[in-house]
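I have placed the structure first, in the form of structure tokens, so that the comments after it can refer back to it.
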Amino acid sequence: MSSFAGRMKEYPTISLDRFDKENLHARAYFLSHCHKDHMKGLKGPLLRRKLHFSRTVRLYCSFVTKELLLNNQKYAFWEEYIVPLELESPTQIPLVDEASGEKEEIVVTLLPAGHCPGSVMFLFEGSRGNVLYTGDFRLAAGDASRIEHLHSGSRVKDIQSVYLDSTFYDPRFYQIPTREVCLRGILELVGNWISQSSYHVVWLNCKAAYGYEYLFTNLGEEFNTQIHVNSLSMFKKMPEILSYVTTDRRTQIHACRHPKDDEYFQGNRLPCGCTATDGTPLRIISIKPSTMWFGERTKKTNVIIKTGASSFRACFSFHSSYSEIKDFLSYLKPVNIYPSVIPIGRTLTEVSQLLKLMCRNQSHQALIYKPLGVLKRSRVERPTYDSDTDDELFDRLDMEPVRKKMGLIQEVKKDKSQSPQRTASPLSVEEPSSVTVTQSVAHNYVDCTESNDEEEDNEEEDKSKELEESRKSGSPKWEDFFTTEMLTDSQNSIKSQSQSCCSAASTSPSRMTGSQTPELFSDEENPHNAETFSLTLSASVSNHSSQNMDSCLPDTEILRPQQGEGETSVTSRKEEGGCLMVPSEREEPSGSQASSDFDVPCTPESRAPQADELLQLYRKLASGEEVLIRKGSQGSV
DNA sequence: GCGATCAGCT
DNA sequence: CACAGCTGATCGC
């Protein structure tokens, strides 16, 4: 949870992600994303009153964040004070002291943060230097090099300070499987379950927060279905999400919630009360997205863990891992780094000390040769940090075990011609049913009328009919759901027109079930219909190429990701037996790494190594020598 | 009655 | 496998 106080040393007249106390005096406000722990004070009466009397104070955020914020009535009064900004478009913001009339300008650029829909980092450029407020973020190793506005020409911008999402800045959280790997594990588990029969359903036990949407869209796309959720209204201008969620309960994948949903699940009921028509009990499994982390040398990297007869945890993280953060920081090399989160069990002092080592002046000037890349990243000296595990805390040339191809999850996100119902179940769950799965499972489900939770939960249903009119076809990728652009009304109408063909199996829920849901979506509730816009979500930073995931299925319930992915900070590797792993033997670098290594050279004078130089280098590495290329010439300055 | 804070829970 | 947010109790205004 963020404990950032709201203000940055360099630009104390603006406030970010905190809106109480001293922040009430700010000249401008910034909201990085729509999570409550970043919105403290945002609905406070004092701030509301200030806005009422101010002519210049505004709240700046992304279009999607604005949409999500205003979906909550408690924040509706912000409507006229929000200035949504385009991503990656430097914008000059006036900072006016309304008492004295004094005015200052600052340039802000929104950078996609990969944390939840609409989440951004703020890059500020002004008279006190460049500062980066990361908000909360999940970026893969190598992503920083692809963020154009962190660069000036071919060089990394001089960043004075980074205000950092340090949630997992602790060596305990060294590695978290990449988003893609986690997604594959979940797709595999879900696919193998719901393909057994139409009575086999999945409940995604997600928390009440934005950030799971890419899961819904990818599942929806993969299995040509929609995910049942409590409400669609927040997504009404985001067709890419809207098209994969529904309030129609007759689907095999649910992410609905109820205050007593765990109880419901124990009683073999879905939170929405949905059951089968013919009395056949549903076969429900729950999948709880949870953060899983691994030490540097931990080989156990299961992304799915079975926790009960019908319960699973699936690896999932909104935040960058320790190594991902280190990669990010070692690329930017800011002068100062301030943590905005203290990891559980750590102190501010500990985290600050660890972060100091990543600052420009503390880092050693030695560059270590990277055989396959340019001399982009320098390395930090291994600090004398007190290790709490047998994991090595910091990457070293001689500590990295060879990453074996251990991926046991079949590639599922591939060409669309392949059936989602593929292979035998890898899960040691209950025996497969002989019922053949068809696309249309609608008739197997009805309302469970004894369910007492209809009143509140179904208020969106009638609206959903309307909203589902605007579904679109297309292949979603996770990275689509963290950034935005606006659609014009005409584009939106095109999308609406194109939707009818792909909703053949989707029938109005109230028509099928006789729902008594009152009409809650009158025009009055949305008086600005004529002016409504549509948000579309565009590809963001990462450009992950298809990776070689041609692994086999396990015969246990444990799924493992391919290892070695996203690893960029280690310059060379040596197998524990002493055998060098040369580049040609290494795993293919991920698409992100490949591009990050070559796109933005920070040391222009660098050149490609010759074969004999490489040989020498490997010999030195094998003998454990430190390999020093050159002093000085930091690429990041 | 409202907001802030905290414990407890998930 | 530890993030984000809900509920309810308590307190102060």
Side-chain angles (χ1 to χ4, degrees), chain A residues 1-4 17-21 23-24 32-49 68-69 72 74-75 113-119 135-138 165-177 179 182 185-186 203-213 215 230-231 234 255-266 271 286-295 298 300-308 311-322 340-346 351 388-389 391 453 456-457 558-561:
Chain A
M1 292 285 195
S2 175
S3 56
F4 182 62
D17 287 358
R18 276 294 286 270
F19 308 92
D20 57 352
K21 300 177 180 170
N23 300 301
L24 286 166
S32 68
H33 65 287
C34 210
H35 277 169
K36 293 278 161 51
D37 57 324
H38 291 253
M39 294 159 63
K40 203 169 185 193
L42 196 56
K43 63 181 185 323
L46 292 176
L47 184 52
R48 189 171 181 163
R49 196 158 154 266
L68 297 178
L69 183 68
N72 187 333
K74 289 173 183 164
Y75 302 98
H115 176 70
C116 72
S119 67
D136 284 352
F137 73 97
R138 173 107 202 244
D165 169 17
S166 45
T167 302
F168 291 136
Y169 197 71
D170 182 317
R172 281 179 298 167
F173 310 113
Y174 190 91
Q175 180 210 345
I176 296 171
R179 213 185 286 269
C182 296
I186 294 169
W203 174 45
L204 301 169
N205 183 358
C206 299
K207 293 182 171 135
Y210 297 118
Y212 301 98
E213 290 71 18
L215 211 51
N230 287 23
S231 170
M234 61 287 271
C256 43
R257 295 185 302 112
H258 183 277
K260 295 179 178 172
D261 47 22
D262 268 316
E263 266 179 46
Y264 275 48
F265 177 67
Q266 295 307 319
S286 79
I287 303 176
K288 189 174 198 167
S290 323
T291 306
M292 299 179 190
W293 63 87
F294 306 96
T298 307
K300 204 182 79 181
T301 52
N302 315 311
V303 299
I304 303 288
I305 291 176
K306 193 169 183 182
T307 56
S311 304
F312 297 84
R313 285 183 188 274
C315 184
F316 189 94
S317 180
F318 292 144
H319 299 272
S320 278
S321 67
Y322 179 74
S340 60
V341 182
I342 307 305
I344 290 171
R346 294 286 178 219
V351 181
D388 56 348
T389 67
D391 296 328
D453 55 291
E456 318 87 78
D457 289 355
I558 301 300
L559 305 180
R560 291 158 182 265

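In what follows, chains are A, B, ... by sequence order, proteins preceding strands, each numbered from 1.
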Under-4.0 Å side-chain N/O to phosphate OP1/OP2 contact, A:R257 with C:dA4: no
Indicate yes or no for a side-chain donor-acceptor contact from A:D17 to the backbone of A:M39 under 3.5 Å, with no hydrogens or angles considered. no
Rounded to the Å, how far apart are A:F318 CZ and C:dA2 P? 12 Å
Using only side-chain N and O atoms of A:S290, determine if any of them is under 4.0 Å from OP1 or OP2 of C:dA2. yes
Please pick, from C:dG5, C:dC3, C:dA4, the nucleotide with the shortest atom-to-atom distance to any side-chain atom of A:H115. C:dA4
Rounded to whole angstroms, how far apart are NE2 on A:H319 and C1' on C:dA2? 11 Å
Start at the 5' end of DNA chain C and walk down; is the nucleotide closest to A:M292 or to A:M1 reached first? A:M292
Check every atom of C:dG5, C:dA2, C:dC3 against the side chain of A:A209 and return the nucleotide holding the closest atom. C:dG5
Ion pair A:D20/A:R18, N-O distance below 4.0 Å: yes
Name the nucleic acid region contacted by A:F168, choosing base, sugar-phosphate or nothing; use a 4.0 angstrom heavy-atom cut-off, strictly under. sugar-phosphate
note: A:Y174, atom OH; C:dC1, atom C1'; distance rounded to Å ~ 19 Å
Distance, rounded to the nearest Å, where A:L68 contributes CG and C:dA4 contributes P: 15 Å
For A:L42 and C:dG5, give me the distance from atom CG to atom P, rounded to whole Å. 13 Å
Sub-4.5 Å side-chain heavy-atom contact between A:R172 and A:R346: yes
Criterion side chain to side chain contact (heavy atoms under 4.5 Å, CB included) on A:D136 and A:H33, from CA distance to verdict: CA-CA 8 Å; A:D136 284 352; A:H33 65 287; 3.5 Å; yes
State yes or no: are the ring centers of A:Y322 and A:Y169 separated by less than 6.0 Å? yes
Quick one, A:Y210 and A:M234 - any side-chain contact, counting heavy atoms below 4.5 Å? yes
Expressed in angstrom and rounded to an integer, what is the separation of A:K36 atom NZ from B:dT5 atom P? 17 Å
Starting at CZ of A:R313 and ending at C1' of C:dC3, how long is that distance when rounded to a whole Å? 12 Å
Ignoring backbone atoms, test whether A:H38 places a side-chain nitrogen or oxygen under 4.0 Å from the OP1 or OP2 oxygen of C:dG5. no
Candidate nucleotides C:dC1, C:dC3, C:dG5, ranked by approach to the side chain of A:I344 - the nearest: C:dC3
Residue met sooner reading DNA chain C from 5', once A:G345 and A:D37 are mapped to nucleotides: A:G345
Nearest listed nucleotide, side chain of A:H35, among C:dA4, C:dC1, C:dC6: C:dA4
Considering only nitrogen or oxygen atoms on both sides, find all protein atoms under 3.5 Å from nucleotides 2-4 of chain B and state each distance.
none

A:R179/A:L215 under side chain to side chain contact (heavy atoms under 4.5 Å, CB included): CA gap, chis, key distance, verdict: CA-CA 10 Å; A:R179 213 185 286 269; A:L215 211 51; over 6 Å; no
Tabulate atom names and distances for all N/O pairs under 3.5 angstrom spanning the protein and nucleotides 6-10 of chain B.
| from | atom 1 | to | atom 2 | distance (Å) |
| --- | --- | --- | --- | --- |
| B:dT10 | O3' | A:D262 | OD2 | 2.6 |

In terms of side-chain heavy atoms, does A:R313 have a donor or acceptor partner in A:S290 at a distance below 3.5 Å? yes
Listed partners of A:Y212 passing ring-ring contact (aromatic ring centres under 6.0 Å, His included), at least two apart: A:F316, A:F318
Take atom CD1 of A:I342 and atom C1' of C:dC3, then tell me their distance rounded to the nearest Å. 16 Å
So A:H319 and A:F137, side chain to side chain contact (heavy atoms under 4.5 Å, CB included) or not? Walk me through it. CA-CA 5 Å; A:H319 299 272; A:F137 73 97; over 6 Å; no
With respect to the side chain of A:R172, which nucleotide from C:dA2, C:dC1, C:dA4 is positioned closest? C:dA2
